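For clarity, every value in this text was computed on a predicted model and none was experimentally measured.
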Amino acid sequence: MAKLQPVRGTHDLLSDDIRRHQHIIEQFRRIAERYTYTQIDTPIFEFTEVFNRTLGETTDVVTKEMYTFDDRSGDSLTLRPEFTAGIARAFISNGLSQNLPLKLYAYGPMFRHERPQKGRQRQFHQLDVEILGVAEPQADIEVIALGAQLLDTLGLAGKVTLELNTLGDSESRIAYRDVLVDYFNDSRDRLSEEAQERLERNPLRILDSKDKRDREVVAGAPAMSDYLNEASADFFASVRTGLDQLGIAYQLNEQLVRGFDYYTHTAFEFTTELLGAQSAVLAGGRYDGLIGTMGGPATPGIGWGSGIERLAMLIDEPPAVDRPVVIVPVGDRAAKEGLTLLQELRHAGISADMGAKGNVGKRMKQANKANARYVVLMGDDELDAGVVTLRDLDGGEQQQVARGDLMAALSGGDAA
RNA sequence: GUGGCUGUAGCUCAGUUGGUUAGAGCGUCGGAUUGUGAUUCCGAAGGUCGCGGGUUCGACCCCCGUCAGCCACCCCA
């Protein structure tokens, strides 16, 4: 390590980047609150058990991507690679089953030890939404509608496509799985090595393989939709009807499979073509069995996660920030008075600053660099006359304003 | 974990077949201008050429290793 550099796959968030992130989080919070979700925050690390039991022992995230370490007490801990397992754990730990249904939102950093690439880092940030305790398709519809509105608000409506599928309930899934395994076994030698391995552990994942050989075999595979039992088929039909009713467009994708084992029924992904190989921008699904398998009371759940970095890359321009008023004092008397004025402006809700040193020329330069809209110039002349000089940096014109009228001039219409 | 491409100033990049003291633009700082910015002019600072080793009289340049970035595979948000 020659220079002091950040850990691989981590990133400092500076100026434009952090503003994009904050903007996304603000919009997310606003919309989630409007849908009457309440915020939850869980620790960024959990006992390793929480993740490797729930995500599926054989998923790649668990087997090779988790930041797992023993702490000083000898407990095996893991930096969270996703939100849902931690929230489910919190649900059980806090006995939240007394308060169903629960509608929760959260955001924060996630950690996965992957090879960095476009739209993928080792520490990244996610938005997350969960509904616990609603078995009806209305929850699926709502959660997707929330995601759609968020993407729309961020200006991404034309850049993403909603893909939708159902994995059915566990009965349907097992039935389908058996048929699928039989089918793949018949064509085993035509599958890629990875797919052949997956056949043992997680055959559904073969459906979304990108390997050309696999794709050919998958093209002739039996379809999930033919193996749904009546309840699962009805459930999915209700979800679709609801989305249609709300005018939310989607594409059915029978090859859409979720990465973690806990998913059932509805699976969805908002995808984009603009981020290279990382197409999923907001993705989730239903996980009715999760909390039960973790040892909690059987509780249905559905939710999604969305990568803030990926959203940030799709946003055109970071939102504008308030342009400050900059005070430029001339002389010690004015500098002292400027301190008071600065406080008045800030207390009045106006973004304001005053440099600590430099002559007028330098201070003007700094004001310009700070993207100030107005400069308040004050020296002995102004102090004696009880006025300030207000200069508009865009137009270049300036005027004398009575000190008592300054606040009104800046916050009111005539100056701004 | 695998593969491809790339590492030269704060940023974007030049740098001849291996040959003195590594350059430019932007940015930064200072001055022209101690009460007026963004335009203009003058000047300055800023580099272990990612790091380590090797070849050579001599390496930014060639070779090996390593670290990092980007992209793809895998996987996923």
Should the pair Glu46(A)-Arg89(A) be classified as a salt bridge under the 4.0 Å nitrogen-to-oxygen rule? yes

Output yes when Glu344(A) and Arg403(A) qualify as a salt bridge under the 4.0 Å nitrogen-oxygen rule, no when they do not. yes

Contact class for [X] vs. all strands (heavy atom < 4.0 Å): base, sugar-phosphate, or nothing?
| X | result |
| --- | --- |
| Ala283(A) | sugar-phosphate |
| Glu65(A) | sugar-phosphate |
| Gly331(A) | nothing |
| Asp380(A) | base |

Spacing of the [atom1] atoms in [M] and [N] (rounded, Å):
| N | M | atom1 | answer |
| --- | --- | --- | --- |
| rC13(B) | rG50(B) | P | 15 Å |
| rC29(B) | rA68(B) | P | 34 Å |
| rU48(B) | rC60(B) | P | 13 Å |
| rA59(B) | rU20(B) | P | 12 Å |
| rC61(B) | rA38(B) | P | 42 Å |
| rU21(B) | rC41(B) | C1' | 29 Å |
| rU28(B) | rC5(B) | P | 38 Å |
| rA9(B) | rU33(B) | P | 36 Å |

Position toward the 5' end of RNA chain B (nearest nucleotide), Phe124(A) or Gly9(A): Gly9(A)

Residue pair Ile308(A)/Gly276(A) against RNA chain B: nearer the 5' end by closest nucleotide is Gly276(A)

Check the pair Gln399(A), Thr389(A) against side-chain contact (heavy atoms from CB on, under 4.5 Å), reporting the backbone distance first and the verdict last. CA-CA 6 Å; Gln399(A) 52 177 320; Thr389(A) 298; over 6 Å; no

Salt bridge (Lys or Arg N to Asp or Glu O under 4.0 Å) with Glu114(A): which of Lys64(A), Arg8(A), Arg120(A)? Arg120(A)

Is a donor-acceptor pair below 3.5 Å formed from side chain [X] to base [N], judging by atom type as modelled?
| X | N | answer |
| --- | --- | --- |
| Glu114(A) | rG1(B) | no |
| Arg112(A) | rA77(B) | yes |
| Arg115(A) | rG1(B) | no |

Rounded off to whole Å, could you give me the [atom1]-to-[atom2] distance for the [X] and [N] pair?
| X | N | atom1 | atom2 | answer |
| --- | --- | --- | --- | --- |
| Asp12(A) | rC11(B) | CG | P | 13 Å |
| Arg122(A) | rA77(B) | CZ | C1' | 17 Å |
| Leu282(A) | rC76(B) | CG | C1' | 14 Å |
| Asp208(A) | rC73(B) | CG | P | 13 Å |
| Asp332(A) | rU34(B) | CG | P | 17 Å |
| Asp384(A) | rG35(B) | CG | C1' | 14 Å |
| Leu275(A) | rA77(B) | CG | C1' | 10 Å |
| Lys118(A) | rC71(B) | NZ | C1' | 9 Å |

Which nucleotide in the set [options] lies at the smallest distance from any side-chain heavy atom of [X]?
| X | options | value |
| --- | --- | --- |
| Gln5(A) | rA77(B), rC67(B), rG37(B) | rC67(B) |
| Arg8(A) | rA77(B), rA68(B), rG35(B) | rA68(B) |
| Lys369(A) | rU28(B), rA77(B), rG35(B) | rU28(B) |
| Pro116(A) | rG69(B), rC29(B), rG1(B) | rG69(B) |
| Val330(A) | rC73(B), rG37(B), rG35(B) | rG35(B) |
| Gln117(A) | rG37(B), rG35(B), rC71(B) | rC71(B) |
| Lys365(A) | rC74(B), rG35(B), rG37(B) | rG37(B) |

Side chains of Ser279(A) and Glu273(A): do they bring a donor and an acceptor to under 3.5 Å? no

For the residue pair Ser232(A) and Ser172(A), confirm or rule out a side-chain donor-acceptor distance under 3.5 Å. yes

[N]: pairing nucleotide in any strand, Watson-Crick or G-U under 3.5 angstrom:
| N | result |
| --- | --- |
| rG1(B) | rC73(B) |
| rG19(B) | rC57(B) |
| rU33(B) | none |
| rC26(B) | rG10(B) |

If you take the centroid of each ring, where Trp contributes its six-membered ring, are Tyr250(A) and Phe268(A) closer together than 6.0 Å? no

Can a side chain N or O of Arg205(A) be found less than 4.0 Å away from OP1 or OP2 on rC76(B)? yes

Restricting to non-hydrogen atoms, name the atom on Gly9(A) and the atom on Gln121(A) that form the minimum distance, rounded to 0.1 Å. O-CB, 3.2 Å

